[in-house]
Amino acid sequence: MGAVETSIGSGVQKSPQHPQIALLGNPNCGKTALFNRLTGARQKVANYAGVTIERKEGHFTSPAGKPVRILDLPGAYSLSATTPDEAITRDVVGGMRKGDPRPDAIICVVDATNLRLNLRLVLEVQRLGLPMLLSLNMTDVARKRGMVIDAARLSEELGMPVVETVAVQHDGEKTLLDAIDAMLPLPQVDAKPLSAIDTVTVEETQREVRRILSIVSNDVRDSGNLTEKIDNVVLHPVLGPIILAILMFLIFQAVFAWAATPMDMITDGMARLGALLTANMPDGHLKSLLVEGVIGGAGSVLVFLPQILILFFFILSLEDCGYLPRAAFLLDRMMGGVGLSGRAFIPLLSSFACAIPGVMAARTIQNPRDRLVTIMIAPLMTCSARLPVYALIIAAFIPEREVWGFLSLQGLVLFTLYFAGIVSAMAVAWIMKRGMGSSGKQALLLELPSYHWPHLRNLAVSLWERAKIFLTRVGTIILTLMIILWFLSTFPGAPEHATHPPIYYSMAGILGRGLEVIFAPIGFNWQICIALVPGMAAREVAVGALGTVYALSQTGDSLATALSPLISQSWPLSTALSLLAWYVFAPQCLSTLSVVKRETGGWRYPLIMAGYMFALAYGASFITYRVALMFGA
């Protein structure tokens, strides 16, 4: 179609020859997919001035050779903004943002399967008097569901061109391109200010929506269909929460059961590679770097890739089939008890993958205090970076046996750790909401999509993306930190007649023994203290750090690929349990703190977050360690 240009909200200039058209629509209406079709998916992304919300702008050439600039606005349900995303959309179409010129025309993208919800925004934008075009998207899905929409009659009722599009199909944007050609050149109009949307009440707008729908669409309802039959069970006030708990429990059981074989294969492969290098390389610093630093460090993290992918497989499958919004609905009452709404469930669930997208997803929460509390508790959700640490310690100290004849004890412990993060997050939310002065619980409004089988191609692509992210971290951040740690752990070397391994006398060893004074009350030895320092960059780095430290701590040829038996011999059970408690709470992720700073506009809340999480981590580890010692662990 054409190249894509970038603007950062700092005085983008338009020209009469290059009209700017904005794509506008509800979230999940296919608007961004349509934008990708029009621009060739080569857009560059920047941020709106002063905020972290993404701005996508590009240009394309129409079939008639007319150049057009196009802007993909954040999803919005209404111009009466209740979220930061909606506020940006409102201000851009109203010409209220400095450096962001008002669009010359609007393309409203609506979901053909849910016109009742989508048309409110169309009618609001129409009052601004800008040239408009309606893209009736997802028409293929609507037809499959037996919905009939008279596009020509809808065009008459709205007084604007209406075209059918299917953004996910090849050439699904062709009718839209032809309609854009027909609009150009755009007429000169006197656009009205944002106050024009207030001339009609919400009730009057909804009545107009119902009137239009009664004329242009058949009344297809979901009563009696498969989705409703399933919802009668999974949304039942008693059965629903039980089903959700069982699903979550089985997922964590599968994380250990299904991953055992591929993890063993990776472990054997790393052990053979280490043995090969040990047997064929002369002794020296290069051999030490490759065997103890690279294989012993980064290799000990790589082994947990199968468990991470299995966890994501289930989460992505539940999201794709339409179950996750139901889970938010089920948890609304429980979260309401701590002053949050079920809408916080999606950001918090995203935080199980990584707290960073979870923090950013909190933008969809209307209440500012709810949004802030959700951001502050998101890192307490057990992100995938904690999984390698949990898996290592559980495999080393928790026997691989069944409980009650069918449950994995290791999976049960993992489920307990995830559950502890959730409970602690709810407790912190309750305290914060009381401290801020709760404004009362808001009603939860969610659109529940129809159930469908997960798309296998989408699952495969998403899992591949997760694998690439993990492997990139192993190959860049983790590998770099392991090399630095190897250097710090190797030099200056042991003096003559040393009685300890060389790492004891290294720079890392000196640092670890200094930190041991602080962490000895919670059972941490100097090797663990060394691992905690590079682990501040990313939690999973701690496993690689332990691999490097213990590989260098051994007097024989033991490798960190055998890290699990090494720590099981070196640590008491009380130390292992204390470290698990530490990782439930500790904010060992500088990237998350930096994103919280951007989202909250300063260092105040990231510092509060780091302070309360470190305090929780130390307190929980102290209690766990002391209780374990009382029972002789």
Side-chain angles (χ1 to χ4, degrees), residues 248 251-256 259 263 298 300-312 314-315 347-359 377-398 410-425 428 466 469-470 473-474 477-478 481 522 524 528 531-547 563-564 567 575-593 595-596 609-610 612-614 616-618 620-621 624:
M248 295 297 104
I251 287 172
F252 297 125
Q253 291 286 310
V255 165
F256 271 94
M263 288 180 70
S300 59
V301 180
L302 185 64
V303 71
F304 299 103
L305 177 61
Q307 290 180 317
I308 291 173
L309 292 182
I310 289 169
L311 179 62
F312 275 112
F314 283 107
I315 291 177
L348 294 180
L349 184 70
S350 301
S351 299
F352 280 111
C354 176
I356 291 174
V359 168
I377 66 174
L380 287 173
M381 299 295 106
T382 302
C383 67
S384 59
R386 287 184 175 101
L387 189 57
V389 181
Y390 288 169
L392 171 68
I393 299 174
I394 290 172
F397 290 92
I398 306 300
Q410 293 181 335
L412 187 62
V413 172
L414 182 64
F415 176 79
T416 302
L417 292 171
Y418 272 74
F419 186 71
I422 296 170
V423 171
S424 62
V428 171
R466 298 294 179 183
I469 292 171
F470 181 79
R473 287 169 70 90
V474 171
I477 298 173
I478 295 175
L481 289 171
I522 60 176
F524 291 3
I528 295 175
L532 292 180
V533 176
M536 283 297 299
R539 291 182 178 95
E540 66 268 45
V541 173
V543 174
L546 285 171
L563 183 57
S564 182
I567 65 172
T575 291
L577 296 176
S578 177
L579 188 57
L580 284 176
W582 173 269
Y583 268 94
V584 170
F585 301 104
Q588 295 209 201
C589 183
L590 293 177
S591 298
T592 298
L593 295 176
V595 169
V596 172
M609 174 185 288
Y612 94 76
M613 291 184 72
F614 272 127
L616 280 177
Y618 199 95
S621 293
T624 302

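Quick note: numbers below take in every heavy atom, side chains included, and nothing from hydrogens, waters or symmetry partners.
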Less than 4.5 Å apart, side chain to side chain, heavy atoms only: is that true for [X] and [Y]?
| X | Y | result |
| --- | --- | --- |
| Leu616 | Val428 | yes |
| Leu417 | Val584 | yes |
| Thr382 | Ile422 | no |

Heavy-atom pair with the smallest gap, counting every atom of [X] and [Y]:
| X | Y | value |
| --- | --- | --- |
| Val596 | Met609 | CG2-CE, 3.7 Å |
| Cys383 | Ala355 | CB-N, 4.4 Å |
| Met613 | Leu380 | CE-CD2, 3.8 Å |
| Ala254 | Ile310 | O-CG2, 4.1 Å |
| Ser578 | Thr624 | N-CG2, 4.0 Å |

Contacts of Phe524 meeting ring pair (Phe, Tyr, Trp, His ring centres under 6.0 Å) (sequence neighbours excluded), chain-then-number -> Phe519, Trp582
Checklist line | All ring pair (Phe, Tyr, Trp, His ring centres under 6.0 Å) counterparts of Phe314, not counting sequence neighbours | finding: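 Result, ring pair (Phe, Tyr, Trp, His ring centres under 6.0 Å) vs Phe314: Trp258.
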Exercise for review: Output yes when a side-chain donor or acceptor of Ser621 lies under 3.5 Å from a complementary backbone atom of Ile522, and no otherwise.
Suggested key: no
Between Arg386 (side chain only) and Met381 (backbone N and O only), is there a donor and an acceptor less than 3.5 Å apart?
yes
Gap separating the [atom1] atom of [X] from the [atom2] atom of [Y], nearest 0.5 angstrom:
| X | Y | atom1 | atom2 | value |
| --- | --- | --- | --- | --- |
| Ile394 | Leu414 | CD1 | CG | 5.0 Å |
| Ile393 | Leu580 | CD1 | CG | 4.0 Å |
| Phe397 | Leu579 | CZ | CG | 9.0 Å |
| Leu392 | Leu387 | CG | CG | 11.0 Å |

More than 12 heavy atoms from other groups under 6.0 Å of OH on Tyr618: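 For Tyr618, atom OH is crowded (more than 12 foreign heavy atoms under 6.0 Å).
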Contacts of type side chain to side chain contact (heavy atoms under 4.5 Å, CB included), residue Ala396, not counting sequence neighbours =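 In terms of side chain to side chain contact (heavy atoms under 4.5 Å, CB included), with neighbours along the sequence ignored, Ala396 is linked to Ser564, Ile567, Ser568.
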